[in-house]
Amino acid sequence: MTSMDLLSGLNPVQRAAVEMPEGPVLVVAGAGSGKTRVLVYRIAYLLENGIAPESIIAITFTNKAAGEMRSRVADLIGPTADEIWVSTFHSACVRILRREAPRLGYANSFSIYDSSDSLRLIRMILKDLNIDEKRLPPRGVAAAISNAKNKLMDAGLFSDFADNPYEKRIALVYTEYEKRLAEQSAFDFDDLIMRTVEVFDKHPDALARYQGRFRHVLIDEFQDTNHAQSRLATLLAGKWRNIFVVGDADQGIYAFRGATIKNLLDFERDWPEAKVITLEQNYRSTRTILDAANAVIENNAMRKPKALWTAQEGGERIVRYHGSDEHDEAAWVAQEVRKLSDQGHPHADVAVFYRTNAQSRVLEEAFNAASLPYRVVGGVGFYDRKEIKDMMAWLRAAMNPLDTISAERICGAPKRGIGPGSISKIQAFAASRVMPLGNAFDYAEEVDRLNKKARGGALEIGRILAHIRDLDHSGVPITDIVASTWEITGYMTELQADRSFESLSRQENLKELAGSAAEYDENTQQGSLTDFLELVALVNDTDEEEGEETGVTFMTLHNAKGLEFPIVFIVGMEEAVFPHMRSLADPEQLEEERRLCYVGITRAQERLYLLNAWRRRLWGPDANYNTPSRFLREIPDDLIKEADKKDLFTTRRTSVDKPKSVGGRDLSRFKVGAEIEHTRWGRGIIVDLRQSALGMEATIHFPDMGSDKRLDLTLAPIKVV
DNA sequence: CATTACCTGATTTTT
DNA sequence: TCAGGTAATG
């Protein structure tokens with residue numbers, strides 16, 4: 001491909017950005033102005049001009065963005081693209097640390113602790129230090145440590161700066177936390193960045209290697225970088241000074257996580273010879289939508305003025321609907337989606353955004369009631385689920401015996417007669433032999449006063465871990481290792497013995513885990529278990545949502561960044577919901593909410609709907625009456641059209657159509673109030689029935705057991721009496 | 001040691 | 001509302 005062909009699809013400004021000579025470049029790119037395009041073409045341009053692919057590193061914020069960039073570059077220039085480092089900050093750092101970790105006294109097979117692992121560790125430390133969780137909430141400690149690490153403040157520095165009793169206590173915990181992470185050869189999320197920087201700071205030869213290699217450093221979404229990340233970028237680009245960053249200060253929505261748009265605003269100060277290019281033409285949205293977005297964002301005081309424009313004229317007016325409550329709001333969305341689909345708009349063209357994940361629930365109910373297809377992106381992470389964490393703990397414990405968090409976890413998954421008491425006995429033994437907990441199971445015979453059951457259980461755990469290691473060494477596909485693990489641990493058998501609804505969905509989840517392992521096996525020539533564990537640690541399931549694009553998409557506004565849809569609904573536009581309650585008191589946080597609103601609005605290509613509810617139940621028994629969001633007031637009236645309410649109630653949910661039979665079993669006799677008999681638990685009464693993803697879920701009260709059970713009717717061994 | 005029943009407690013966004 | 005931790009019980 002010639003240079004002419006390559007660049008022909010770009011406008012003059014985009015093209016100028018792509019063709020910038022070497023040296024630092026800042027591309028200020030408004031929403032929908034072709035930011036990703038510029039990055040992708042820049043890479044292609046560099047390659048065309050003789051830059052070796054392995055000397056380019058492109059860093060994005062999410063795995064999804066990295067994947068997209070990789071495939072778009074591959075589309076342009078073919079398989080050479082594989083040689084380029086296209087990754088997130090975190091995975092780039094892991095890649096560096098896999099090699100350099102020994103310099104920090106870590107094993108190459110280090111574990112990566114996610115936030116729930118860190119929280120668990122912090123709880124243990126609080127217990128050991130005899131600090132009451134009420135005096136020092138673990139979550140707060142975790143947040144403080146995370147913030148510190150994002151600012152490259154290690155425990156020592158933090159202690160030096162701690163000037164009140166509260167901070168001093170946190171400093172104590174932080175110090176111990178770091179010590180234990182090191183003992184367990186584990187990094188938490190924030191460590192991945194901070195400790196990579198530490199390697200570079202302490203070992204000039206390591207820094208020199210990467211600096212020499214990466215002749216071009218490209219960074220997407222620069223406004224979302226935190227101090228540690230921007231420092232890392234600065235270090236990497238330190239030798240060649242070819243740092244090409246793209247960002248939009250108006251779309252910075254991660255300050256709560258330590259991101260600071262200062263990095264973007266100070267770029268020219270940090271790189272005095274920098275060239276700046278501003279992309280202001282929007283190719284995505286209608287004039288109406290863009291006018292609304294601009295009108296909202298203008299209310300941010302702390303902002304450099306910038307106006308996006310579009311060549312598109314007019315467009316549909318923005319539709320407003322005032323729901324009476326959240327159910328009404330959701331039902332209205334559903335009926336409008338139905339109407340749109342009758343008019344020929346595919347469901348996949350529609351997205352519904354909300355501020356918090358909890359809001360998806362009502363929408364799901366409404367869409368189920370209306371039999372409309374949807375998919376929820378994000379929410380409770382797949383890898384956060386118990387069964388997944390349990391399975392991962394087995395694999396992690398096998399690969400990193402120092403990983404105490406995982407070793408403790410597997411003692412109870414499934415139960416083997418090893419309770420807290422036995423664990424501390426084994427731990428004491430391990431300590432006396434200077435041996436990691438993960439290796440101590442094999443020596444259970446030598447542990448003092450361990451009861452018989454625990455002893456046997458521990459020995460079995462030891463055998464299982466050895467077996468997993470064997471499988472890994474003999475190059476067995478990861479899929480088989482995963483499946484073998486849930487077999488030999490007895491985890492799957494235990495789940496299968498239980499016919500409850502939860503158990504079924506857990507089994508499904510485990511199979512899904514095997515599915516992602518299979519995907520890994522397919523895409524990797526010589527994979528290893530460690531490699532797979534790393535992938536799982538850094539990739540959350542929202543990233544890989546290929547496949548069915550048939551339904552309406554539900555997601556949080558944060559998740560929507562970087563995406564676009566012809567038709568967008570934003571629900572819950574009320575004070576205290578959006579802007580979120582926790583931001584109301586602080587002007588800076590409020591501006592972040594406004595940027596979030598800006599992001600949401602600019603996702604829409606053709607039509608935009610903004611909704612609020614007068615009355616909403618957020619948590620607990622009583623409802624909130626919130627005024628409409630200030631962001632609504634900031635949009636000029638002439639861009640907005642009020643929706644009429646008239647046909648709403650025709651589609652209100654009156655009854656849920658339940659399938660007569662699911663999975664070949666006749667369900668019509670199961671009704672609320674019906675008396676049934678269960679082969680194991682005896683007689684019971686159905687107190688609730690609901691349709692679920694997997695079939696029909698019933699809540700059944702068994703008087704003899706004194707408790708309710710949730711069962712799947714298609715599978716549970718029950719019959720109507 | 002395991003199970004269960006309560007009982008908190010906390011509720012934003014995520015690599 | 002709900003999940004996760006803890007206390008009480010088998």
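Throughout, protein chains are lettered first and strands after them, A, B, ... in sequence-line order, and every chain is numbered starting at 1.
- Screening residues 447-460 of chain A for salt bridge (charged side-chain N to carboxylate O under 4.0 Å, His left out), with sequence neighbours left out, gives A:R416-A:E460.
- Under the side-chain contact (heavy atoms from CB on, under 4.5 Å) criterion, A:S146 pairs with A:N150, A:D190, not counting sequence neighbours.
- For A:A440, the side-chain contact (heavy atoms from CB on, under 4.5 Å) test picks out A:I426, A:F429, A:A430, A:M435, with sequence neighbours left out.
- Using atom C1' as the reference point in both C:dG5 and B:dT12, the two lie 23 Å apart (nearest Å).
- DNA chain B is contacted by A:R582 of residues 582-600 of chain A, taking any non-hydrogen atom closer than 4.0 Å.
- Taking the side chain of A:T556 as heavy atoms from C-beta on, and the options B:dT15, B:dT11, B:dT13, the nearest nucleotide is B:dT13.
- For A:E591, the salt bridge (charged side-chain N to carboxylate O under 4.0 Å, His left out) criterion is met by no residue, not counting sequence neighbours.
- Atoms CD1 (A:I112) and C1' (B:dT14) sit 15 Å apart, rounded to a whole Å.
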Tabulate protein N/O versus nucleotide N/O from nucleotides 2-6 of chain C, keeping only pairs under 3.5 Å, one per line.
from: C:dC2; atom 1: OP1; to: A:R361; atom 2: NH1; distance (Å): 2.4
from: C:dC2; atom 1: OP1; to: A:R361; atom 2: NH2; distance (Å): 2.1

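- You'll find the ring centres of A:F187 and A:Y113 outside the 6.0 Å limit.
- A:E494 is linked by a salt bridge (charged side-chain N to carboxylate O under 4.0 Å, His left out) to nothing, counting only residues two or more places apart in sequence or in another chain.
- In terms of the salt bridge (charged side-chain N to carboxylate O under 4.0 Å, His left out) criterion, residue partners of A:R98 (sequence neighbours excluded) are, by chain and number, A:E534.
- Across the P atoms, C:dG4 and B:dT13 are found 15 Å apart, a figure rounded to whole Å.
- Contacts of A:I253 with the nucleic acid, taken as non-hydrogen atoms under 4.0 Å apart, are absent.
- When heavy atoms are screened at a 4.0 angstrom cut-off, A:Y254 is found touching the sugar-phosphate backbone but no base atom.
- A:K262 pairs by the salt bridge (charged side-chain N to carboxylate O under 4.0 Å, His left out) definition with A:D266, not counting sequence neighbours.
- If you check every strand for non-hydrogen atoms under 4.0 Å, A:N451 touches sugar and phosphate atoms only.
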